[in-house]
Asks: 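Dropping the structure in here first, questions after.
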Amino acid sequence: MGKLRLGVLASGRGSNLQSIIDAAREGWIEALAAVVISDNRSAFALERARRGGIPAVFIDPGAFSGREEYESAVVEVLRGHGVELVCLAGYMRLVGRVMLNAFPGRILNIHPALLPAFPGLHGQRQAWEYGVKFSGCTVHFVDEGVDTGPIIIQAVVPVFDEDTPDTLAARILEQEHRIYPEAIRLFSTGRLKIAGRRVLIEKE
Ligand code: GRF
């Protein structure tokens, strides 16, 4: 079987993108980053892609009259690179109907909190402010809601009294870099089965 072709969408620094690129390079996942797309011209994620010899495409949302037109352009680029699985990695836009219809059950996201707690922006800070003793991160399928899709895997980290939102975010990020490639590996080997809201992981 060929390698699963990934399209990664990122708006910022791209450390999760890097963990995916590295896992693919090391042969830990049977996948390759076929294209990286950003809605932010100066996203460091685009630079990481270029350094890795991966096509890096900036698509300016301002150049389109609405979300559907913008997403159609994104879908065209993804299809043009033969993408089979879309990975959102710090992508700061809501995904709409056009992308969901183009890649049904084939869009993943990583969120820096234990969903369904603390969805939306700054999950790490929300958790810290709330005062939880444990937080973590979640990889999930994307649906039309904000961080509401079926959960694939989660990792838990403790929250210490000495933590700041930044130290907590750093502890969570380490786990993000571990579980995102892991989720892609499970998807690429066909081991994820969606049963309603539950994602079941078939034994090897
Ligand atoms: C991560 O914390 C991710 O969970 C969230 O956005 C951040 C992106 O970081 N969705 P990076 O761009 O991958 O470094």
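Values in this document were obtained by computation on a predicted structure and should not be read as measured data.
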Asks: Looking at side-chain heavy atoms only, is the closest gap between V98 and R67 below 4.5 Å?
Replies: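 No, side chains not in contact.
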Asks: Looking only at heavy atoms, which two atoms of P61 and R93 are closest? And how far apart?
Replies: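 That closest heavy-atom pairing would be CG-NH2, 3.1 Å.
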Asks: Identify the two heavy atoms, one from R185 and one from I29, that lie closest to each other, and give their separation to 0.1 Å.
Replies: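 That closest heavy-atom pairing would be CB-CG2, 3.5 Å.
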Asks: I want to check something: taking the side chain as every heavy atom from C-beta on, are S15 and H177 in contact at a cut-off of under 4.5 Å?
Replies: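 They are in side-chain contact.
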Asks: Is the shortest side-chain N to carboxylate O distance from R97 to E68 below 4.0 Å?
Replies: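 Yes.
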Asks: May I have the step-by-step check of side chain to side chain contact (heavy atoms under 4.5 Å, CB included) for I201 and L192, ending in yes or no?
Replies: CA-CA 5 Å; I201 301 176; L192 300 180; 3.9 Å; yes
Asks: Could you check whether any side-chain heavy atom of D163 comes within less than 4.5 Å of a side-chain heavy atom of R171, counting everything from C-beta outward?
Replies: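 Sidechains of R171 and D163: in contact.
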Asks: Looking only at non-hydrogen atoms, find the nearest pair between I54 and A33 and report the distance.
Replies: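 In this case the closest contact between I54 and A33 is CG2-O, 3.5 Å.
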Asks: Side chains of L100 and E144: does their closest heavy-atom pair fall under 4.5 Å?
Replies: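 L100 reaches E144 side chain to side chain.
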Asks: Any side-chain to backbone donor/acceptor pair from T138 onto L115? Under 3.5 Å, distance only.
Replies: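 Yes, because the side chain of T138 sits within donor-acceptor range (under 3.5 Å) of the backbone of L115.
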Asks: Roughly how far, to the nearest 0.5 Å, is CD of E129 from CG of L168?
Replies: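 Between L168 CG and E129 CD, I get 11.5 Å after rounding to 0.5 Å.
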Asks: Does R25 reach the main-chain N or O of G52 with its side chain, forming a donor-acceptor pair under 3.5 Å?
Replies: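 The answer is yes, because a donor-acceptor pair under 3.5 Å joins these two groups.
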Asks: Indicate if L17 and V83 have the same hydrophobic cluster label, given that clusters are the connected sets of ILVMFWY residues with side-chain heavy-atom separations under 4.5 angstrom.
Replies: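 No, separate clusters.
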Asks: Would you say the side-chain atoms of S38 pair up with the backbone N or O of F58, donor to acceptor, closer than 3.5 Å?
Replies: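 No: the side chain of S38 does not pair with the backbone of F58.
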Asks: Measuring from atom NZ of K193 to atom CZ of R198, what distance do you get when rounded to the nearest 0.5 angstrom?
Replies: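 With rounding to 0.5 Å, NZ (K193) is 15.0 Å from CZ (R198).
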Asks: Flag yes if V57 and I107 sit in one hydrophobic cluster, no otherwise; membership is Ile, Leu, Val, Met, Phe, Trp, Tyr, and two members link when side-chain heavy atoms are under 4.5 Å apart.
Replies: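 Both belong to a single hydrophobic cluster.
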Asks: How long is the gap from CD1 on I184 to CD on E30, to the nearest 0.5 Å?
Replies: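 With rounding to 0.5 Å, CD1 (I184) is 13.0 Å from CD (E30).
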Asks: Below 4.5 Å, heavy atoms only, C-beta onward: do V75 and N101 meet side chain to side chain?
Replies: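 Not touching, per the 4.5 Å side-chain cut-off.
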Asks: Determine, stepwise, if the pair F103 / V142 fulfils side chain to side chain contact (heavy atoms under 4.5 Å, CB included).
Replies: CA-CA 10 Å; F103 293 94; V142 172; over 6 Å; no
Asks: If you take all heavy atoms of L32 and A24, which pair is closest and at what distance?
Replies: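 Nearest heavy atoms, L32 then A24: CA-CB, 4.3 Å.
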Asks: When rounded to the nearest 0.5 angstrom, what is the spacing between CZ in R178 and CG in L173?
Replies: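 Here the rounded value is 12.5 Å.
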Asks: Kindly compute the distance separating CD (E174) from OG (S19), expressed to the nearest 0.5 Å.
Replies: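 Going from CD on E174 over to OG on S19, the span is 12.0 Å.
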Asks: Any donor-acceptor pair under 3.5 Å linking the side chain of R191 with the backbone of L200?
Replies: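 It does not hold such a pair.
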Asks: Other residues, nucleotides and ligands only: do more than 12 of their heavy atoms fall within 6.0 Å of NZ on K133?
Replies: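 Atom NZ in K133 is not crowded, with 12 or fewer foreign heavy atoms closer than 6.0 Å.
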Asks: Would you please say whether a donor-acceptor pair under 3.5 Å links the side chains of S11 and D39?
Replies: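 There is such a pair (donor and acceptor under 3.5 Å, judged by atom type) between the side chains of S11 and D39.
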Asks: For residues L4 and Y180: do they belong to one hydrophobic cluster (side chain heavy atoms under 4.5 Å, members Ile, Leu, Val, Met, Phe, Trp, Tyr)?
Replies: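 They do share one cluster, since a chain of ILVMFWY contacts under 4.5 Å joins L4 to Y180.
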Asks: Looking only at non-hydrogen atoms, find the nearest pair between V146 and P119 and report the distance.
Replies: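 That closest heavy-atom pairing would be O-CB, 3.9 Å.
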Asks: For a quick test of reading the model, state the closest non-hydrogen atom pair linking S135 to I172 and the distance between them.
Replies: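 The pair with the smallest heavy-atom distance is OG-CD1, 4.1 Å.
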Asks: Which pairs count as side-chain hydrogen bond (donor to acceptor under 3.5 Å, both in side chains) when at least one residue sits in residues 76-92, sequence neighbours excluded?
Replies: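 Sorted pair list: Y70-Y91.
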Asks: If you measure from OG1 on T189 to CD on E204, what distance do you get to the nearest 0.5 Å?
Replies: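 One finds 7.0 Å between OG1 of T189 and CD of E204.
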Asks: Could you check whether any side-chain N or O of R48 sits under 3.5 Å from a backbone N or O of R13, counting only pairs where one atom can act as donor and the other as acceptor?
Replies: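 Such a contact is found between R48 side chain and R13 backbone.
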Asks: Using atom types as modelled and distance alone, determine if a side-chain donor or acceptor of Q154 lies under 3.5 Å from a backbone N or O of L114.
Replies: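 Checked: no pair found.
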Asks: Check the pair F187, R106 against side chain to side chain contact (heavy atoms under 4.5 Å, CB included), reporting the backbone distance first and the verdict last.
Replies: CA-CA 9 Å; F187 182 95; R106 291 183 161 260; 4.0 Å; yes
Asks: Under the ring-ring contact (aromatic ring centres under 6.0 Å, His included) definition, can you give me all pairs with a residue in residues 119-156, not counting sequence neighbours?
Replies: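 For residues 119-156, and leaving out neighbouring residues, the ring-ring contact (aromatic ring centres under 6.0 Å, His included) pairs sorted by first residue read F118-Y130.
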Asks: Looking at L121, is its backbone amide N or carbonyl O close enough to the side chain of Q126 to form a donor-acceptor pair, meaning the two atoms are under 3.5 Å apart?
Replies: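 Yes.
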Asks: Is it possible for you to say whether V86 and L186 belong to one hydrophobic cluster, with membership spreading through side-chain heavy-atom contacts below 4.5 Å?
Replies: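 Looking at the clustering, L186 is in a separate group from V86.
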Asks: Under 4.5 Å between side-chain heavy atoms, counting indirect links through other Ile/Leu/Val/Met/Phe/Trp/Tyr residues: same cluster for I110 and L88 or not?
Replies: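 In one cluster: no.
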